[in-house]
Amino acid sequence: MNTQPGGVWRYSSLLIPTLREEPGEAEIVSHQLMLRAGMLRKLAAGIYTLLPLGLRVLNKVERVVREEMNRAGAQEILMPMVQPAELWQETGRWQQYGKELLRFKDRHDRDFCLGPTHEEVVTDLVRREVRSYRQLPVTLYQIQMKFRDEIRPRFGVMRGREFLMKDAYSFDLDEAGARVSYQKMNDAYHRIFERCGLKFKPVEADSGVIGGAYSQEFMVLAETGEDSIKACSQCSYAANVEKQPGAACPRCQAPLETHRGIEVGHIFMLGTKYSEAMKAAVLDPQGHEQPMVMGCYGIGVSRTVAAAIEQHHDDKGIRWPAPLAPFHLHVVVLNPKDTPRAAALGYDVVLDDRDDRAGIKFNDADLIGVPAQVIIGGRTLKEGLVELKRRSDGVVRKIEPGGIGGVLAEWLGMPAV
RNA sequence: CGGGGCGUAGCGCAGCCUGGUAGCGCACCUGCUUCGGGAGCAGGGGGUCGCAGGUUCAAAUCCUGUCGCCCCGACCA
């Protein structure tokens, strides 16, 4: 599908199978709304097909992520989903990783796995191609489907087995350089989640199987989050409960408050765990071999979509933050005979030209949650006006069609492209 | 893997306890009317009741096994 900005799409030609009733399979609101809004359908436990609307939102998150990764100096690559066992045996994770790592053999009886993460592959790439400290620092990233055979997938794309992830890996000559790279990614993550319109909190976390010196998780605050976090009531300190079992802030001794969070990002200072195991080294200015100091940085792209819905919805449906919205403007044409010539507004527009009753169109529009709606029809149309409605708070303005662009720019907080 | 629940039309469900030729709402198709917040009337199509065995004259219903899905727990970059 065309994802170029500024297009006009006819609702009648899009596959948007909205559901009036709540699907029995969904427990939490983001999962329910993704199904009801026709974004998502299940193929098997934890494995989903994204429909046009769902894909458009995913693409919007990807766009924000790419822009900020590129701005931070990271370079995009694309690594294979299928990985040979040998690499994982080098780091010992072939044995360490449990059943979450889906393994299989090819026709020649060689062992492979579906990549749940890409430290081994990227380290293999860099050790082959980078020889000198002059080539550092380098940060590589990709946006790719991951597969983790979760014990218990749940809540739709919140905890799927197959999911879209942005993973980045930094390589530096020394610890100081690695800290700079880590900080750049930290800054980029703040910008990404802010741009996505999310209320989030960076927390200190355990680095788990990935390993490394220290790590931070980016938690979207939501009641339905699977993680519990402790945040200081006075300073900015916050930690995952796995990491912080105490009741008082270790920095300022103030009491800690408990919140629920959805982990949408996780950044790790890896150190030389992988570069040493895999002999990924460069020559320093003195001509000595040094293992590269690494960091790795993940964002659950599909999970971010669900997290955004958890924070932005009401009883009628989704209320997309403008940067993530599948469309910026939803044109509700009450009488298909009044279908306007779709003016090039410079925004993504969906035009509901279906031959259906007004109630169906209003309800679908609210469900899908495009941030602005134009209602064309009735008395207003006879006056030569249209109604512009803001989804977030229901504010309605009657204006001349020529004024739509201006109000949109104001409401969306973003200029036309 | 332990505990709980559910598999009946595309979706949501009833029927199962107490066995006797499978039903409701929505959706879908046709016609007429209607048309600013999920229309009305009339007609119509759609089902191996998850699957496999067993009991029985007869199984959606009872028994056994099995598969799938959901929730809680353990686990989780």
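Naming convention: chains lettered A, B, ... in sequence-line order (proteins, then strands); numbering from 1 in each chain.
- Residue contacts shown for A:Glu226 are absent, as no nucleic acid heavy atom lies under 4.0 Å away.
- If you measure from atom NZ of A:Lys361 to atom C1' of B:A39, you get 15 Å, rounded to the nearest angstrom.
- In a base pair of the Watson-Crick type (N1 to N3 plus N6-O4 or O6-N4) or a G-U wobble (N1-O2 and O6-N3), with each distance short of 3.5 Å, B:G37 is matched with no nucleotide.
- For A:Trp320, the ring-ring contact (aromatic ring centres under 6.0 Å, His included) criterion is met by no residue, not counting sequence neighbours.
- Nucleotides B:C17 and B:U64 are separated by 15 Å at their P atoms, to the nearest Å.
- The pairing partner recorded for B:U18 is none, the criterion being a Watson-Crick or G-U wobble arrangement whose two distances lie under 3.5 angstrom.
- The side chain of A:Arg154 contributes an N or O atom lying less than 4.0 Å from OP1 or OP2 of B:C72.
- When the C1' atom of B:G36 is taken as reference, atom CD1 of A:Ile375 falls 9 Å away, rounded to whole Å.
- Atom pair A:Asp352:CG and B:G37:P shows a separation of 15 Å (rounding to whole Å applied).
- A donor-acceptor contact closer than 3.5 angstrom is absent between the side chains of A:Gln216 and A:Tyr189.
- Counting to the nearest Å, the C1' atom of B:G37 and the CZ atom of A:Arg354 are 13 Å from each other.
- Across all strands shown, A:Ser215 has no heavy atoms under 4.0 Å from either base or sugar-phosphate atoms.
- In this structure the side chain of A:Val29 never reaches within 4.5 angstrom of the side chain of A:Thr224, judged on heavy atoms.
- At the heavy-atom level, A:Lys42 lies under 4.0 Å from the strands shown only through sugar-phosphate atoms.
- Annotation: B:C35 and B:C13 have their P atoms spaced 35 Å apart (nearest Å).
- With both ends at atom P, the span from B:G3 to B:C26 equals 42 Å, rounded to whole Å.
- Mapping A:Phe362 and A:Met165 onto RNA chain B by nearest heavy atom places A:Phe362 at the nucleotide closer to the 5' end.
- Nucleotide B:U30 forms a pair with B:A42, judged by Watson-Crick or G-U wobble geometry with both contacts under 3.5 Å.
- One P atom belongs to B:A52, the other to B:C70, and the distance between them is 23 Å to the nearest Å.
- For B:C28 and B:G38, the C1' atoms lie 16 Å apart once the distance is rounded to whole Å.
- When the C1' atom of B:C75 is taken as reference, atom CD of A:Glu150 falls 9 Å away, rounded to whole Å.
- Between the side chains of A:Glu310 and A:Ser30, a donor-acceptor pair is found at a separation under 3.5 Å.
- Side-chain proximity of A:Ile151 to the nucleotides B:C71, B:C75, B:G36 is greatest for B:C75.
- Judged by Watson-Crick or G-U wobble contacts below 3.5 Å, the nucleotide B:U56 has no partner.
- Here A:Lys389 lies in heavy-atom contact (under 4.0 Å) with a base.
- Nucleotide B:G68 has B:C6 as its partner under the Watson-Crick or G-U criteria, with both atom distances under 3.5 Å.
- Across the C1' atoms, B:U55 and B:G15 are found 22 Å apart, a figure rounded to whole Å.
- For A:His118 (side chain) and A:Pro80 (main-chain N/O), a donor-acceptor pair under 3.5 Å exists by modelled atom type.
- Using modelled atom types, one finds a donor on one side chain and an acceptor on the other under 3.5 Å when comparing A:Tyr274 with A:Arg93.
- Comparing B:U30 with B:C69, their C1' atoms are spaced 37 Å from each other, to the whole Å.
- Residues A:Glu90 and A:Glu120 fail the side-chain proximity criterion, which asks for heavy atoms closer than 4.5 Å.
- A side-chain N or O of A:Ser228 and one of A:Arg260 form a donor-acceptor pair less than 3.5 Å apart.
- For A:Glu387, whose side chain is taken as the heavy atoms from C-beta onward, the closest listed nucleotide among B:G36, B:C71, B:G37 is B:G36.
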Stepwise side-chain contact (heavy atoms from CB on, under 4.5 Å) test for A:Ile318 and A:His312: CA-CA 6 Å; A:Ile318 304 169; A:His312 300 281; 5.6 Å; no
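- Comparing the same atom, C1', in B:G54 and in B:G19 gives a spacing of 15 Å after rounding to whole Å.
- The shortest distance between the side-chain N/O atoms of A:Arg152 and the OP1/OP2 oxygens of B:C72 is below 4.0 Å.
- Across every strand in view, B:G25 sits in a pair with B:C11 that passes the Watson-Crick or G-U test at under 3.5 angstrom.
- For A:Tyr48, whose side chain is taken as the heavy atoms from C-beta onward, the closest listed nucleotide among B:C71, B:C70, B:G38 is B:C70.
- In this structure B:G73 sits in a base pair with B:C1, meeting the Watson-Crick or G-U test at under 3.5 Å.
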Determine, for nucleotides 22-35 of chain B in 5'-to-3' order, which nucleotides have protein heavy atoms under 4.0 Å from the base (write B), from only the sugar-phosphate (write S), or from neither (write -). ---BSS------B-
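- Among the atoms of the strands shown, base atoms are found under 4.0 Å from some heavy atom of A:Lys316.
- Nearest-nucleotide positions on RNA chain B for A:Gly46 and A:Leu367 put A:Leu367 closer to the 5' end.
- In this structure, the ring of A:Tyr11 has its center no less than 6.0 angstrom from the ring center of A:Phe327.
- Residue contacts shown for A:Gly378 include a base, since a base heavy atom lies under 4.0 Å away.
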